[in-house]
Each structure stands twice: as C-alpha cells, then as structure tokens.
Amino acid sequence: MASVSAAEDQNGVLRGTRETPPAHFVLKLQYFSLFSANGVNQIKSNKFQAGDHQWKIILFPNGNRDGKGDHVSIYLMLDSTSSLPAGKGVNAIFEFFLFDQIRGNYLTVQGRARRFDRLKYEWGFDKFISLESLKEPTKGFLVNDISYFGVEVFVSQGSSLGECHSLSAVGNISGKYKWVITQFSKLGLHGYSDEFVVGGFKWKIALDPEGNGKHKGSSLSIFLVSVDSQSSMTENKVQAKFKLTLYDQFKQNHRQGTTTHWFGATIKSWGWPSFIELQEFKDDKKGYLVADKCMIEAEVTVLCEGVFKETRDTPPSHYVLKLESFSLFSQTGVDHIKSNSFRVGDHQWKIKLFPEGNNGGKDDHVSIYLILDSTSTLMPGKPSRFDSLKCEWGFDKFISLEEFEEPTNGYLVKDTSIFGVEVYVSTGGSSRLGESHSISKVGNISGKYKWVITKFSELGLHRDSDEFVVGGYIWKLSLHPEGEGKHKGFSLSMYLVYVDSESSNTEHKVKAEFVLTLNDQFKQNLIQKRTTNWFGASTKSWGWHSFIELTDLKDDKNGYVVADQCTIEAEVKSVSLQSDTESHMQAWSYDSYIYFQANGETATKNEREEICNMLQLHEADANTTYLGLPNTLGRNKNAGLGYLKDRMQKRIEGYDKKLLPKGGKEILLKTVVCYEPFLVTKADV
C-alpha cells in the first residue's frame, strides 16, 4: 500500500511524499553537477500533453530568482498559448516530483491552482529544493550524479480564476507577553512559549536555539506564531505589528526587532532567522544568557482581520450536490448526507456532507468529504491515496456555519445551497512520457578551418561553407554578405553552424568555444570575435549579426576584400556534450534493475557495465530492493523478511484490538497483509 504524507509550508506550498510515480512526465538528468559547471543555466524539456494542452518543464539546476545559487528552481510552462483565444486562459493544478532513489518514493511539491495564459504562461517554484538537500547522499535524490524530476498536470475545464478579499478593522489592540526561559540549554532544536491572547487571537513565540535554515549553527532564530492559523483550513488572515525583544539582563542594552505582517494558513509565523549571532548571544559579558536563563518579550498590536479564499466563475467539472431546505436536515436529526455515486477516472465516488460539522468542525462548521466508493475493485498493493482502509478524505472545517448562513455571502439562499467537487485521478504506474538529459566532458578537442572566398560579390544574400569536422562533430560557416535582420544593408553577418543538429530529432547538444577571424590580407590587422555556446536542435547556429560594418569590409585600404577575395577562419574547441533523449510510454530505469546470477559462468565487470549501458538499467546488488523486498534471500529467510512484521505492525497502529471481535481481527490482519508486496507469498515467513 502506498504511503502518502503532506504538510503545508510557510509559503502555502504543500510538500509531501508518495510512492506512485508522476502520471504525465519524467525528466531524467544525468551528470547533474556538470550542467552548472558548463554554464547550462536552465534545461527545457520537450513537449508533453495533459488536458488537451502542450506543456514543458523548465528547470534551473543552480536556481532562479529567489532561489538563485542555493536552490533548484522548477516551472511548468504552457507551450500552446498561441492556440488560446484572446483573453482566455487555462486553469491548472500541478504537482512536481523528485525521486528518492534509496527509498523508492517521491518528494512532492504542490501549490495553488494557477491560471496560464498568453501573458503569464509559466508557474512554479523558485525554491523547489535546496541544493544542500538535493546533494545530501542519505536523501537519495542525487545518486551517481543522476536525478529524476516529474510533474502531474490537472486541467480544470474553466475559463478564469479569481480571488476574494474581505477586511475588517479590529482596532489597534495591543498586548505584551514575556517568556522567561530558565533552562535554555535543554530546549533542543525548537522551543515554543505558552500561548497568549491579543485582540482575540492566539499567539506564541517560536525559538530555534541553534538557528534556522542557512543560519543554522550561526544565529538565534525567533518568530511570532499565529496559533489560530495553524488549525484553519481556510485563509483567515490577521495583520499584526509586533516587536520581539531579547533582554540584556545586565546593562539594559536589549536586542529588538519590529515588523508588520499578515498571518494566515499559508504564513503561520514570521520573524527573524538571524535575530542575533550565537557567539554574541552566548557571550557572558553581553547579558543575554545568564546562568542558562534568557528572557524574550513579544509586544503585539492587531491591526485588522481579513479572509482570503479562491473563487472562480466556472462550475465544478464532475459533480454538483444541491440541498434544499438545508436547515431542516439538522432539525430532523440528519447528521450527514451522502450523495449518489459518480464516475471519475475509472472509479466511483461520493460526496459526504455534515451540515453541522464533524470531528474538529463539530457544531460550528460544515464538514465535507470525498469518498472512494469502488475500493472493492482495487488490486492488493495498488498504490493509492484512497484505499479500503482509508477511503475518505476531506475537510472538517470546510466553512463556518456563521459565514455559510450570512445572507450577504450568498451561500445559503432561500434555504438552498449548492456544493460541488472536481476529482483529478493520478493513474501512476511506470508508463508515462519522459526524457533524459545527460552531459559529459569530451575533452578540449580543437580544430581549424579556413574558408577562402574567391568571388565574394557573387555570393548573393546567403552562402554556407563546406562542412568540416572538429571533435567528431560536423560544422560549417554561414555568411550573409549584406547582413541579416536589422543589420541588413549595414553589416556582414557571420555564424558557426552545428550540422549534426539539423538532422537530429532528439536534443543532442554540444558546448563549443569558437573564434571567427576575418583576415586582413595587407597588414594582418585581423578582426576576431570569440564566444562559447551550446549547440543543438533548438540552437543550430551562433555568431554575430554585425561582425563588421560593410563600409569597413569593402574599403580597399583595409584589405578584408582584395580582388573580390576574402578569407575567413574558424577555430572550434569542443568542450562538453549534452544528450536529451525522449521516451514515449516506457518504463524508466529507476523502475527496473538487472541482476547477474552469481552461480555458473559469471559476466566480467566490463561485460556487465556494457549490458547495463545498452539496456539503460542499473545493476542490482544484494542490498537492492524491489517493491520493498530484497532481490536475493539467503538461507535465513527470517532475517531477510523479518522486517515485514514491523511494517505490518505500523500499518495497524491506532486500531484498538479490544474493540474488534475475533472475526474482525482476522479480517483486519488479512487486509493489511494483502497490501504488502504480493511477492512475499513465495517465501516461507
């Protein structure tokens, strides 16, 4: 059974893990470290289709914008904007993936629903993952300098998204709270004060004694936390001005920080990752930490309250539930309402609604859930967020009853309300569209080519040189005697062309440093220009639109064109090779391994490597697992498979066996075991 976990970070981004691969596209990067080392700032994938639209992944190995230099940045780009009518857009929810090659699951990152159109056709994450985390060997994201990124795109059949903001002034209500920490050294990595109330809202102080993020180990981090926002599913916001004070217990030279910020479900805390350097904080003479005691004070002024929710003008795509005489349900003892079944993604679903709330939303909220109604058709072990043990997901606090019943909001009119749902099913599996990018050094292989043009005046508008080979790659020079583009009629345009890319369907790239020289046949006053560029199917040529002005070129005294003859020389140095291969509906190498049997005639190491390279597979060893099971088992099967007992124990934690009859216990155990990889049935456990 697949495990899924997720949590929302302070930017409103949902981060989690899951076992099912991305449904739509996988991008494999080989020799990841060489991309940045060779000046490849961004990698753009080939097109893939999702929801009747063409998309691309754009990835920055060394970060972009806010993530520059310390994060990997990744974006989804709508590539079919030209087919969109003016003023129209595509609404989509997308989720990015990063494969953990050690544990066999995926890091997932999902943001809000976004609108893609002609003006804004690219959305994503500047800080997808820190380079420190990516390169940490124990995390498994980068193994043998190979990483796998993926994406799922779910298109909502609507035309526009919107936002609704409402604000209400609550008066400048202020309050103070002093937190006295008597045993600072025992706080651990994180410490929290008791909760306190200002302006009708709950707050607390968060402290990271050894620092947070990039300041870890060098600074003390202090934040103000909005406790109410931690339990809120909707975007209820409160704006607060606050001051945090670290007391100097000797000289009253207190350290203070003051700021104003909006707190809500997406930004639950705000403060200073580097409030004071640890060296200064722990200096006995400064008085901030005395006898393992320190004091922090928070002064909070609540300015105004707001509510933020996403709205849109299109109805839900999959199912609408209309409730008439809504108030009578609770009055007549109907605590929940279950819809009829509806079909999405080859599965049957239902909506389950509690008019007066359920669990954490009891009595003051409407609670709503989505139920997978076809769990009996699921295969044992089939990964899914919905399964026979957990077939229901939703929101205890979907909307407060006060807000729901407020006449001006329009949710309940003439005692009638309309609820709806859209369901996006990820099919998972190893069959998907993807591609692989790899880069390798080919050595600094140099070569020169001289092009002698004897009848320059007869070249016409465009002329190419003969082909020549450097570093095993075919090149040629391209010349526009009268210039090109806006330089036409004013300058000579000259380019180096990568010939191999013209006949290649896949994105094979080669990085080349090259010098183009126009010879002076009199004084050897050469004109030279040098540059470095990646050549491939998308960039077949590179050079200069304005290599030399035509007046200087045709001046007899300069010696560039003499007796209608000129000489151009190209020196090319091949540096690196990048290969992008596309694979349609194929199983990727991280899904499959090749195992060489030890008995009998054994292949040599070179032979094994050659076979692995040919098949694009990794070699399995004694420690490699598939579906959570070891590839090989010795005679002691209890040692090899004993951990399955622990895994099953974890599956049933939280179920009270005393509440189950004997038959119920048997059914529970069988159900849980069925979700373990079925291959264990071959072993005597």
Side-chain angles (χ1 to χ4, degrees), residues 34-46 56 58-62 64 437-451 453 459-519 526-550 552-553 560 566-580:
L34 290 180
F35 287 102
S36 297
N38 286 277
V40 181
N41 295 322
Q42 65 167 287
I43 300 162
K44 189 178 290 187
S45 75
N46 291 321
K56 286 184 177 181
I58 302 176
L59 186 139
F60 291 78
N62 204 38
N64 184 40
H437 291 240
S438 65
I439 187 170
S440 59
K441 291 184 177 181
V442 296
N444 295 337
I445 304 172
S446 299
K448 292 184 179 181
Y449 172 77
K450 182 178 287 188
W451 184 17
I453 304 172
L459 288 181
L461 297 177
H462 172 236
R463 183 64 60 91
D464 291 336
S465 72
D466 293 334
E467 296 176 357
F468 57 96
V469 177
V470 175
Y473 304 102
I474 304 174
W475 310 87
K476 66 181 177 182
L477 294 175
S478 180
L479 190 69
H480 294 263
E482 297 297 324
E484 187 184 32
K486 66 180 182 179
H487 298 281
K488 192 169 185 177
F490 301 99
S491 301
L492 179 77
S493 301
M494 195 185 311
Y495 310 94
L496 178 68
V497 180
Y498 177 40
V499 178
D500 289 314
S501 66
E502 295 179 338
S503 58
S504 175
N505 293 323
T506 56
E507 187 67 88
H508 294 285
K509 293 183 179 180
V510 60
K511 182 181 179 183
E513 178 184 347
F514 64 96
V515 181
L516 298 187
T517 303
L518 177 63
N519 288 335
L526 311 176
I527 292 184
Q528 285 187 333
K529 294 194 177 183
R530 179 189 302 269
T531 189
T532 301
N533 193 60
W534 280 97
F535 293 85
S538 57
T539 307
K540 300 173 182 176
S541 63
W542 198 257
W544 292 269
H545 299 305
S546 179
F547 191 86
I548 183 176
E549 292 186 0
L550 290 178
D552 291 336
L553 175 71
Y560 300 123
C566 72
T567 304
I568 300 170
E569 187 173 291
E571 181 178 2
V572 183
K573 181 186 293 183
S574 300
V575 180
S576 301
L577 173 66
Q578 178 182 341
S579 176
D580 310 348

For the student: nearest non-hydrogen atoms of His545 and Tyr495, plus distance: ND1-OH, 2.6 Å

Within-4.5 Å side-chain heavy-atom neighbours: Phe514 and Thr531: yes

If you count the non-hydrogen atoms of other residues, nucleotides and ligands that lie under 6.0 Å from CH2 in Trp544, is the total more than 12? yes

Could you walk me through whether Leu516 and Leu477 pass side-chain contact (heavy atoms from CB on, under 4.5 Å), step by step? CA-CA 9 Å; Leu516 298 187; Leu477 294 175; 3.6 Å; yes

In this structure, CD1 of Ile453 is separated from CG of Leu479 (nearest 0.5 Å) by 5.0 Å

Distance-minimising heavy-atom pair for Ala512 and Phe535: CB-CE1, 4.1 Å

Can you measure from NZ (Lys529) to CE (Met494) and round to the nearest 0.5 angstrom? 9.0 Å

Spacing of Tyr449 atom OH and Ile568 atom CD1 [to the nearest 0.5 Å]: 10.0 Å

How long is the span from the NZ atom in Lys450 to the CD atom in Glu571, to the nearest 0.5 Å? 12.5 Å

Is there a donor in the side chain of Ser478 and an acceptor in the side chain of His462, or the other way round, less than 3.5 Å apart? yes

Can you confirm if the aromatic rings of Tyr498 and Trp475 lie within a centre distance of less than 6.0 Å? yes

Could you tell me which non-hydrogen atom of Pro481 sits nearest to which non-hydrogen atom of Leu550, and how far apart they are? O-CD2, 3.2 Å

More than 12 foreign heavy atoms under 6.0 Å from NE2 of His487: is that the case here? yes

Say whether, by atom type as modelled, one donor and one acceptor occur between the side chain of Ser493 and the main chain of Glu484 under 3.5 angstrom. yes

Less than 4.5 Å apart, side chain to side chain, heavy atoms only: is that true for Leu496 and Asn533? no

For the atom pair NE2 (His480) and CG (Asp464), what is the distance rounded to the nearest 0.5 Å? 7.5 Å

Got a donor-acceptor contact below 3.5 angstrom from the Ser491 side chain to the Ser546 backbone? no

Measure the shortest side-chain to side-chain distance between Ile527 and Tyr560 over non-hydrogen atoms and say whether it is less than 4.5 angstrom. yes

Kindly check if the number of other-residue, nucleotide or ligand heavy atoms within 6.0 Å of CG (Leu459) is above 12? yes

In this structure, NZ of Lys476 is separated from CH2 of Trp451 (nearest 0.5 Å) by 10.0 Å

Which heavy-atom pair separates Ser446 from Val470 by the least distance, and what is that distance? C-CG1, 3.9 Å

In this structure, are over 12 heavy atoms from other groups packed under 6.0 Å from Glu549 atom CD? no

Flag the pair Leu553 / Leu518 as yes when at least one side-chain heavy-atom distance between them is below 4.5 Å, and no otherwise. yes

